[in-house]
Structure formats: C-alpha cells, structure tokens
2 protein chains.
Amino acid sequence: MGTTQLEAAPEPKYWHLRTVLSEALDSEFSVGEILPNERDLAARFGVARATLRQALEQLELEGRLQRRRGVGTTVAPPRVGVAVASTDEDRPGASADAWQVVDSALDAAPAAVAGMLGVRAGESVHVLRRRRVSHGQTVAAELLYVPAASVPGLTAIDAPSGPARGRAVLRELQRQGLDGQDRAVELGSVRAEDAKELDRLPGAPVLVVTTRYFSKGTTAAVAVATYRADTCRLTFGDTPSVEIHHTPESHAS
Amino acid sequence: MGTTQLEAAPEPKYWHLRTVLSEALDSEFSVGEILPNERDLAARFGVARATLRQALEQLELEGRLQRRRGVGTTVAPPRVGVAVASTDEDRPGASADAWQVVDSALDAAPAAVAGMLGVRAGESVHVLRRRRVSHGQTVAAELLYVPAASVPGLTAIDAPSGPARGRAVLRELQRQGLDGQDRAVELGSVRAEDAKELDRLPGAPVLVVTTRYFSKGTTAAVAVATYRADTCRLTFGDTPSVEIHHTPESHAS
DNA sequence: CAGTGGTCTAGACCACGGT
DNA sequence: CCGTGGTCTAGACCACTGA
C-alpha cells in the first residue's frame with residue numbers, strides 16, 4: 001500500500017484507526033451526525049473495509065458510534081445512566097415507567113436459575129418477561145423467575161398467563177415482603193430472541209445483571225436482565241442518574 | 001459447502017457455529033482442555049477461518065474460551081466473582097489481598113474526572129495506580145484520583161511518588177472518613193497501557209467501574225477500575241462471592 | 001430501486017510461545 | 001524453528017432501509 005505512515009509502529013492498523021477516528025469524532029462531528037459509508041472511509045484511510053470495520057466495531061463497543069444496516073453509521077449520544085440498585089425496583093406502581101411486563105407464563109426453570117432458587121431443575125416456575133424503557137428506547141430485556149412457593153397467595157382469578165397474570169405475580173411477590181437483594185454484572189451477548197426487542201443483532205454485547213431477591217431468608221425470585229452495553233451505563237448507589245461525561249476508552253492518562 | 005444443514009435458516013453461519021461449539025464445550029470438553037487449531041476447526045466445519053474466528057470471538061466474549069497467541073485456544077474456567085461493593089474496600093489493611101498499590105504520582109486530572117471531583121480541569125491530583133489480583137491472576141487495573149484537598153494531613157515525609165506514597169495517601173484518605181460511595185458500570189476496551197498488565201490485547205472488552213467516594217458532602221476521590229470482562233463477574237450486595245453457574249448466553253429459555 | 005451495513009471467502013503475512 | 005492465534009487484503013454476495 002501507500003507510504004503514508006512513517007512510524008515504526010508495532011501498533012495494529014485498526015487500533016491506530018480507532019484512535020484517529022475517535023479524535024475526529026471529538027472534534028469534527030456532533031451527536032447524531034452521519035459518517036461517510038464504510039467503503040468510502042476505508043478508501044480514504046487506505047485500508048481494506050474489514051480493517052476499517054474492526055475499528056468501527058471498537059468504537060461501537062465503546063458507545064461512540066451506532067451502526068444500522070441499510071441506514072448508516074452515526075455518532076452516538078453519551079450513554080444513558082440507568083439505575084439498577086433502586087430499592088423499590090419491583091413495586092409495580094413505582095416502577096411503571098421503568099419496567100413494563102410483556103408477558104408471563106409457567107415454564108421450566110433453567111438449571112442455573114433453579115440452583116439459585118433452590119428448586120429442582122426443570123421445575124415449573126412463573127417466568128415474567130419484562131422490558132425496560134428509557135428515553136424512549138428499550139434498553140433492557142429481563143426474565144424474572146418466581147417459584148410458586150414465593151407467591152402462595154396468588155389466586156386463580158386472573159388468566160394463567162399474559163401480562164395481567166405477570167402483574168398479579170409481582171403484586172403478590174411484593175406483598176410477601178422482600179428483605180434483600182444480591183446482584184452480579186457480567187458481559188454477555190444478546191440471545192437471538194432478545195435481539196429484535198433491543199434492536200440489536202444477535203451476539204451484540206450486553207451487560208447481564210443477575211439479581212436474587214430474598215424474602216424470609218430464602219431466595220424468592222431471580223431476575224436475569226440484559227442491558228444494551230453500547231448505550232447503557234449501569235449506576236449503583238445513592239445518586240442514581242447523575243450525568244457523567246462518557247468514558248470512551250476506559251480512562252485517559 | 002457441504003449439505004450438512006438442511007434448515008431454511010436465515011441465521012448467520014458464525015452464530016450457528018457459536019451454538020454448535022457452545023454445546024460441544026458443554027458436553028465434550030473440560031476446563032483447560034485445548035481445542036484444535038483454528039485452521040483445522042474451520043476446515044472441519046467447512047467455513048473460512050474468518051468465520052470460525054467470529055464464532056470463537058463470541059465464545060471468548062462470553063467467557064467460555066481463552067485464546068493465546070502462540071499457544072492455542074483453551075476452555076475457560078467459569079468466571080470468578082469479584083466483590084465490588086464491599087464496604088471497606090479502601091482500607092489498606094483489610095484490602096491488602098484484593099488491591100495492591102503499584103505506583104503513585106501527582107498528575108493532571110482528565111477532564112471527566114476533574115468534573116466529578118469538582119476541581120479545575122488539568123489541576124494536579126494524586127493518581128494512584130492499583131492492581132487487583134484474584135486467584136493468582138490480575139483481574140483489574142485501576143486509577144484512583146485524589147485531590148490534594150482530600151488529604152490535608154498528608155506529610156511530606158514520604159517520597160513524592162511511588163507505591164509508599166500511594167499507601168500514605170490511602171491511609172490519610174481513610175483517616176478523613178468516607179461516608180458514601182457511588183458506582184457506575186459500563187463496557188469499555190483496554191487501553192494499550194493496561195493491556196499488558198491484564199494480559200490482554202489492546203481493545204479487549206473490559207468492565208469499567210467508576211466509583212466516587214464521598215466525604216463530608218463532597219467528592220473526595222474518584223476511581224476508574226477496568227476489570228477483564230472475559231474472566232470476571234462483578235458482584236454487588238451482601239453475599240459477595242457466591243459461586244453461581246456461569247451464564248454464557250445472557251440467559252436460557 | 002440504490003445505498004447502507006452484515007456476512008463470507010481464500011488467501012497472505014506477522015507476532016508470539018515454546019521446543 | 002515450527003505451530004499458534006492476530007492482522008490484513010480484495011473481492012463477493014446478502015439483508016435491510018428508505019426514497
């Protein structure tokens with residue numbers, strides 16, 4: 001290729017590109033602005049499209065870019081802070097704007113979940129599908145597993161499944177009283193099933209938050225929530241949604 | 001390619017491959033076992049190496065695989081749970097085994113950090129480099145920013161920089177009394193500088209934990225810690241390091 | 001429809017680890 | 001030194017969006 005670079009750089013091209021583009025984003029582009037298409041950009045930098053894409057991938061991972069098939073690549077807004085540790089997250093009333101029940105049914109608990117719940121693997125539990133919307137965008141999809149034993153007062157008046165039933169389960173769970181929570185955060189990839197709802201392709205990176213709800217010394221429920229890693233910053237603590245300038249590349253010197 | 005698959009699958013090859021490999025890992029491989037090399041695997045599945053690599057990348061992201069140049073691809077152990085919200089994380093005595101001070105110096109605070117600390121951008125603050133070791137492996141690198149105003153009692157007896165000075169800063173910070181913390185977790189990529197320490201290539205995914213320490217109503221310090229996303233599960237809450245079966249693909253139905 | 005990003009291929013060479 | 005994964009290329013075709 002050309003003789004543009006004169007550095008003795010053992011630095012990969014895509015990484016250098018990432019840096020160059022990152023700086024360009026800071027200085028020459030504004031949020032929402034659309035970048036030149038990948039073929040043009042690759043040509044402009046004198047690299048193959050695959051290499052250019054590797055750099056774009058990084059920037060998307062860091063929440064700097066947003067790419068949509070058929071549309072283009074745009075400059076992403078700073079990540080939104082979503083509060084994960086609010087105390088009354090599951091109270092249907094208080095959290096109506098944060099979580100909405102999509103569906104509910106009785107289903108077998110996966111082995112990992114069954115273990116945490118202390119029920120037999122494959123035992124049927126309530127499975128609530130919930131969705132979290134923030135700033136007009138779905139930022140998280142969740143599966144909430146509630147063993148029948150945790151909601152003894154649940155009547156059969158409501159339908160056996162559906163959103164209404166789900167809300168009834170939540171109400172009853174809340175009525176039992178929850179005295180503690182326990183969370184873990186790890187990196188994962190979107191299941192094909194959640195991909196559409198989160199408007200991402202299968203395999204896109206997500207932050208998986210596993211929550212255990214305790215009641216009277218036992219694990220009353222387990223929630224597995226997947227947050228879009230590109231657009232979300234999970235906040236914990238007393239001051240939930242303080243706006244912080246985004247931290248693209250882990251931290252600067 | 002061959003006529004092995006008979007599905008009308010609009011599913012990408014790499015995604016299908018990921019699933020197949022994932023199941024194979026569950027049933028036919030044990031932790032630490034070394035997989036066939038990428039060229040062989042690609043040939044075996046009748047795909048290009050790039051496609052095979054895309055599948056491996058996914059599995060590595062999910063913490064199922066570990067790839068090392070010059071060595072090979074091995075089956076990764078379940079992610080280790082690292083407690084992030086323990087109350088006395090910064091007490092030098094109690095956390096000696098978790099965090100170790102690598103270095104310390106006075107340096108300009110990056111804009112984002114300066115904003116949180118309430119100091120002028122570029123103002124000189126104590127910058128502590130710390131490292132967290134778990135199960136004999138470095139799982140996190142951290143930069144702790146402490147403005148001079150937060151450690152008024154700091155004497156000039158110790159060296160102006162170096163690990164010893166860092167420990168002195170920590171001691172003094174602890175002596176001032178911290179009355180609260182505030183955390184945010186987001187996805188990022190390893191800086192080139194941290195890459196070596198974490199034994200990862202630049203750009204590898206990390207969980208960036210930004211912590212603000214409060215004292216007497218003001219932000220006394222800010223820490224930016226980057227955890228290896230492939231090997232770590234961040235835990236919050238009362239029961240820190242309970243072993244949970246890993247959750248590879250966000251969650252199973 | 002044209003234009004975008006997403007997938008896939010079949011090569012090549014490089015950087016690194018261990019022998 | 002060889003074998004490994006990591007980078008890079010130059011193409012091709014597909015899936016989706018919006019005019």
Side-chain angles (χ1 to χ4, degrees), chain A residues 1-2 4-5 7-18 21 33-61 65-76 189-190 192 195-196 199-205 230, chain B residues 1-2 5 8-18 21 33-61 65-76 189-190 192 195-196 199-205 230:
Chain A
M1 40 129 228
T4 349
Q5 297 92 301
E7 318 299 318
E11 191 180 51
K13 268 188 196 176
Y14 78 92
W15 184 256
H16 179 247
L17 241 186
R18 185 210 80 108
L21 286 171
E33 201 172 342
I34 176 169
L35 269 62
N37 72 57
E38 297 183 349
R39 290 162 179 87
D40 285 355
L41 272 180
R44 179 174 314 185
F45 286 104
V47 299
R49 181 153 81 112
T51 306
L52 186 268
R53 277 180 62 78
Q54 216 173 335
L56 294 183
E57 224 157 86
Q58 283 286 336
L59 291 168
E60 191 178 29
L61 190 91
L65 291 181
Q66 200 163 345
R67 300 193 284 175
R68 271 171 307 169
R69 168 153 50 179
V71 180
T73 302
T74 56
V75 181
S189 48
V190 226
K196 271 209 196 96
D199 192 31
R200 303 260 63 198
L201 293 166
D230 55 342
Chain B
M1 44 135 219
Q5 298 91 304
E11 191 180 53
K13 267 188 196 177
Y14 78 91
W15 184 256
H16 179 247
L17 242 187
R18 185 210 80 108
L21 286 171
E33 201 171 344
I34 175 168
L35 269 62
N37 72 57
E38 298 183 349
R39 289 161 180 87
D40 286 353
L41 272 180
R44 179 175 316 185
F45 286 104
V47 299
R49 190 176 155 222
T51 305
L52 186 268
R53 277 180 61 79
Q54 216 173 334
L56 294 184
E57 225 157 85
Q58 284 285 336
L59 292 168
E60 191 178 29
L61 190 90
L65 291 180
Q66 201 164 343
R67 301 192 284 176
R68 271 172 306 168
R69 168 152 51 178
V71 180
T73 302
T74 56
V75 181
S189 47
V190 224
K196 271 207 197 99
D199 193 30
R200 302 261 63 198
L201 292 166
D230 56 342

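Throughout, a chain's letter reflects where its sequence line sits, starting with A, and its residues are numbered from 1.
Under the 4.5 Å side-chain criterion, counting only non-hydrogen atoms from C-beta, A/Phe45 is not in contact with A/Thr51. A 4.5 Å side-chain heavy-atom check between B/Leu65 and B/Leu21 finds every atom pair outside the cut-off.
For A/Arg49, the side chain to side chain donor-acceptor pair (under 3.5 Å) partners are A/Glu38, not counting sequence neighbours. The side chain to side chain donor-acceptor pair (under 3.5 Å) check on B/Glu57 picks up nothing, with sequence neighbours excluded. Judged as a side-chain contact (heavy atoms from CB on, under 4.5 Å), and not counting sequence neighbours, the contacts of B/Ala204 are B/Val190, B/Arg200. Listed by chain and residue number, nothing satisfies the side chain to side chain donor-acceptor pair (under 3.5 Å) test with B/Gln54 (two or more places apart in sequence, or in another chain). By the side-chain contact (heavy atoms from CB on, under 4.5 Å) test, A/Asn37 pairs with A/Arg39, A/Asp40, sequence neighbours left out.
In the set C/dT4, D/dT4, C/dT9, the nucleotide with an atom closest to the side chain of A/Asn37 is C/dT4. Comparing D/dT7, C/dT9, C/dG17 against the side chain of B/Val71 picks out C/dG17 as the nearest. Of the candidate nucleotides D/dG5, C/dG17, C/dT9, C/dT9 has the atom nearest to the side chain of B/Val47. Closest contact between the side chain of B/Ala48 and the listed nucleotides D/dT4, C/dG5, C/dA10 involves C/dA10.
Atoms CG (B/Leu41) and P (D/dG3) sit 17 Å apart, rounded to a whole Å. Between the CD atom of B/Glu57 and the P atom of D/dG5 there is a distance of 13 Å, rounded to whole Å. As rounded to whole Å, 15 Å separates atom P of C/dC16 from atom CZ of B/Arg200. Rounded to an integer number of Å, the gap from CD of B/Gln54 to C1' of D/dG6 is 15 Å. We find that CG of A/Leu52 is positioned 14 Å from C1' of D/dA10, with the value rounded to whole Å. Counting to the nearest Å, the P atom of D/dT9 and the CZ atom of A/Phe45 are 13 Å from each other. A/Glu38 places its CD atom 18 Å from the P atom of D/dC14, with the value rounded to the nearest Å. Between the C1' atom of C/dC8 and the CZ atom of B/Arg18 lies a distance of 19 Å, rounded to the nearest Å.
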Could you list all N or O pairs between the protein and nucleotides 12-15 of chain C that sit under 3.5 Å apart?
from: C/dA15; atom 1: O4'; to: B/Arg69; atom 2: NH1; distance (Å): 3.3

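Atom CG of A/Leu61 and atom CG of A/Asp230 lie 8.5 Å apart (nearest 0.5 Å).
Within the structure, every side-chain polar atom (N or O) of B/Tyr14 is placed at least 4.0 Å from both OP1 and OP2 of C/dC8. B/Arg67 has a side-chain polar atom (N or O) that falls below the 4.0 Å cut-off from OP1 or OP2 of D/dG6. Using a 4.0 Å cut-off, some side-chain N or O of A/Thr73 falls inside it from OP1 or OP2 of C/dG5. Contact between the side-chain N/O atoms of A/Lys13 and the OP1/OP2 oxygens of D/dT9 is found at a separation under 4.0 Å. Within the 4.0 Å cut-off from OP1 or OP2 of C/dT9, at least one side-chain nitrogen or oxygen of B/Thr51 is found.
In this structure, A/Leu56 reaches neither bases nor backbone, as no heavy-atom distance under 4.0 Å exists between it and the strands shown. Among the protein residues, A/Arg53 comes within range of the nucleic acid bases, having at least one heavy atom under 4.0 Å from a base atom.
Residues B/Arg68 and B/Ala50 each lie close to DNA chain D; by heavy-atom proximity, the contact nearer the 5' end of the strand is made by B/Arg68.
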